[in-house]
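First the structure, in the form of structure tokens, and then the observations on it.
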Amino acid sequence: MSLSIQDDRTGRVRAPMTLLALAALGLGGAGAQDLAAYNSLAQNLDGAVTARASSAQAALTRLDAAQSALDTLSPTLRNRQIVTGLKDALGSSRAALGRTPAELEAQVLLARGLMRKALYDQTLALLASAPQNGAAQVRVLAREFGLTGDAAAALSSDARAGRLERTAWRLERAAVQKVSASLQAARPAQNTASYVNLARATGWFTVVQDSAGAGTLTVSQFGDALRQLTAGDTAALTTSLTTLRQGTAAFAAALASPPAATGRAPGTQTPTPGTQTPTTPPATTPPAATSPTETTPVTTPPATTPVTPAPSAAQGAAGVYAALGRALAATGHADNASARAALAEAGTALAGAPVALRNAAGFDALGSAIAGAQGRGALRPSDVQALIGGLANLENAAAGQPVSALDGSSVGVSRWFSGWLRVLVFALLAGLTVVPLYLLNLAFGGRNVYWRAILGGLALLMLPLFLEGLFGLLGAFGDLFGAAALRNLTNLTLSQGAYALPIWALLGAAAIGLTAFGFRGLCEQFGLLGNAKPSVQNTTQHTSIDWDEDV
């Protein structure tokens, strides 16, 4: 059941890969997987691809860790054929270390397809019997399929309600979009980019091959295309790609509308342990999954086509930065609808980032923070600024550079001190600003010009807090009810943007001037400054202080 069969005399690939690891995909029985082991396996497989660009030994270390994670995960996988396929895929990935980075990436993409297939089938089986117990697996599915924000929330809602047909539909639609995108990027040419894109499309189709919407599409068709690409048969590959694209377009059209609520996953049987799909393709047409080659050794990619390097962390972060920048601009003028749309784009861009970024510490936390911000009421610029700082930290972590503790703290704080909590706290503080001003006036009266100056200075110091509380609350109600006039009142707060900083500075200067004038006058009144005599009369029998006395 080897995934890479070599000719002993030439060392060249004679039958590069059997699709046993892709076709052995029966539905497993109900039961929860070890999600920690699943996540570890995914991270180490992706990490091996990243490490291979610089060091085969480092990639081997990650594959060893992946093997340990698979050993832990295997007992919790109900479909034993998928377990066998994953073991073979890992063995083939080790063999690919001695050839090209592109071949390792392709093997990992196929293995990741098997992992998602197992998680998809087993989660649906679990939801069929106990929807309330599948929340954790649904969250992992949402992340794996790139669903964030409203899309992830809708998936979770359908899963909790036991709407299996809609749960499966949302996942299938996301997978088919990825199949389509990868096929569109593939070209009928023997080059590394097409090879990797075709392997990616195969891995994603593996997950949803059992859907009724798949029509005539089969895993073996994808395998044939891989074999044709490897053999350099561009004429046959052109025909195969056309067929695959048309079939995928029909698949996507079948998923255009949500299914009727039946309580079952569309186009599948009720998951039953032991149910399996065909396991062995025809021996005469073994599909390929090795680096593109025809007459050259497998250790060297085609001489006519340079190997396309994997996207770096900086390249992967560029799309996320762009989307977050649009979200920041939108929140800067209280256009929260546009801000949420931009945040959704940021989440999608982050989910599709290269493994160099996905494998960095903090990736999952940042994805969760972006998803949380999309559903948050009363969005403010500081919420998006924190996400940008978190992305910068993620980028630095991927590059092995120091991260900012301040940016990391900002992301954490923005996740809880934001939205309506922030609104209500500042509204309460705004209401409390009148208390010290009232007590000051009550205690010292208003006839003394110096006390009036101090009262005015304190009022100006508290004005930014008052504006934040009042207009922040009104803006939050505007965001909640879709009232643009109310929502735009947020722009009158002094924390909304740079335009308010000069106003804040002027208020602060006026407050300092008034309070300094008032306290200096009182000091003169009490004889602490200048030549004025104190107005406080002290006797042994009586002490009288006339706070209202004019100077």
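Side-chain atoms of Trp169 come within 3.5 Å of backbone atoms of Leu255 as a donor-acceptor pair (strictly under, hydrogens ignored). Using a distance-only test at 3.5 Å, with no hydrogens or angles considered, a donor-acceptor pair links the side chain of Thr76 to the main chain of Leu73. Checked by atom type and distance alone, the side chain of Ser180 never pairs as donor or acceptor with a backbone atom of Val176 at under 3.5 Å. Checking side-chain atoms of Gln246 against main-chain N and O of Thr243 turns up no donor-acceptor pair under 3.5 Å. In terms of modelled atom types and a separation under 3.5 Å, the side chain of Ser55 and the main chain of Ala51 share no donor-acceptor contact. Using a distance-only test at 3.5 Å, with no hydrogens or angles considered, a donor-acceptor pair links the side chain of Gln33 to the main chain of Ala118. One N or O on the side chain of Arg80 and one on the backbone of Ser74 form a donor-acceptor pair closer than 3.5 Å. Not a single donor-acceptor pair under 3.5 Å links the side chain of Ser368 to the backbone N or O of Asp364. A donor-acceptor contact shorter than 3.5 Å links the side chain of Ser93 to the backbone of Ala89.
You'll find the side chain of Glu105 reaches within 4.5 Å of the side chain of Arg200, heavy atoms only. Thr50 places none of its side-chain heavy atoms less than 4.5 Å from the side chain of Arg62. Residues Arg116 and Leu119 fail the side-chain proximity criterion, which asks for heavy atoms closer than 4.5 Å. Side-chain contact between Ser211 and Phe251 is present, with at least one heavy-atom pair separated by less than 4.5 Å. Between Arg160 and Val138, the closest side-chain pair of non-hydrogen atoms is not below 4.5 Å. Between Thr123 and Val140 there is no side-chain heavy-atom pair separated by less than 4.5 Å. Looking only at side-chain heavy atoms (C-beta outward), Leu343 and Leu387 come within less than 4.5 Å of each other. Looking at Leu198 and Leu183, their side chains come closer than 4.5 Å, going by heavy atoms from C-beta outward.
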Steps toward side-chain contact (heavy atoms from CB on, under 4.5 Å) verdict (Thr206, Leu110): CA-CA 8 Å; Thr206 295; Leu110 297 175; 5.7 Å; no

In sequence, state the C-alpha distance, the side-chain angles, and the governing distance for Asp335 and Arg326, and then conclude on salt bridge (charged side-chain N to carboxylate O under 4.0 Å, His left out). CA-CA 11 Å; Asp335 184 5; Arg326 289 191 290 273; over 6 Å; no

With side-chain contact (heavy atoms from CB on, under 4.5 Å) as the criterion, how do Leu90 and Leu45 come out once you've worked through the C-alpha distance, each side chain's angles and the decisive distance to 0.1 Å? CA-CA 9 Å; Leu90 270 180; Leu45 284 175; 3.6 Å; yes

Please assess Leu141 against Leu147 for the test side-chain contact (heavy atoms from CB on, under 4.5 Å), listing each intermediate value before the final yes or no. CA-CA 8 Å; Leu141 273 175; Leu147 300 179; over 6 Å; no

Apply side-chain contact (heavy atoms from CB on, under 4.5 Å) to residues Leu97 and Gln107 and explain how you reach the verdict. CA-CA 10 Å; Leu97 287 175; Gln107 297 289 357; over 6 Å; no

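Annotation for Ala152 and Ala142: closest pair CB-CB, 4.2 Å, computed over non-hydrogen atoms. The minimum heavy-atom distance between Ser40 and Ala69, with the atom names listed, is OG-CB, 3.6 Å. Taking every heavy atom of both residues into account, Gly362 and Leu394 meet most closely at C-CD1, 3.9 Å. Heavy-atom minimum distance, Ala111 versus Leu86: O-CD2, 3.5 Å.
With rounding to the nearest 0.5 angstrom, the OG atom of Ser92 is 6.5 Å from the CD atom of Glu103. In this structure, Tyr321 OH and Leu350 CG are separated by 11.0 Å, a value rounded to the nearest 0.5 Å. Within the model, atoms CG of Asp46 and CG of Leu357 stand 11.5 Å from one another, a figure rounded to the nearest 0.5 Å. A distance of 11.5 Å separates CG of Leu155 from CZ of Arg139, quoted to the nearest 0.5 Å. The distance from atom CG of Leu127 to atom CG of Leu164, rounded to the nearest 0.5 Å, is 6.0 Å. Taking CD from Glu144 and OH from Tyr120, the interatomic distance works out to 14.5 Å, rounded to the nearest 0.5 Å.
Every residue meeting the ring-ring contact (aromatic ring centres under 6.0 Å, His included) condition with Phe145, not counting sequence neighbours, appears here in chain and number order: Trp204. By the side-chain contact (heavy atoms from CB on, under 4.5 Å) test, Asp383 is found to be paired with Arg376, Leu379, Arg380, Ser414, Ser418, residues two or more places apart in sequence or in another chain being considered.
Counting only N and O atoms by type, the side chains of Asp224 and Gln228 include no donor and acceptor under 3.5 Å apart.
A salt bridge is absent between Asp150 and Arg340: the closest approach of a Lys/Arg side-chain nitrogen to an acidic carboxylate oxygen does not fall below 4.0 angstrom. A salt bridge is absent between Arg78 and Asp121: the closest approach of a Lys/Arg side-chain nitrogen to an acidic carboxylate oxygen does not fall below 4.0 angstrom.
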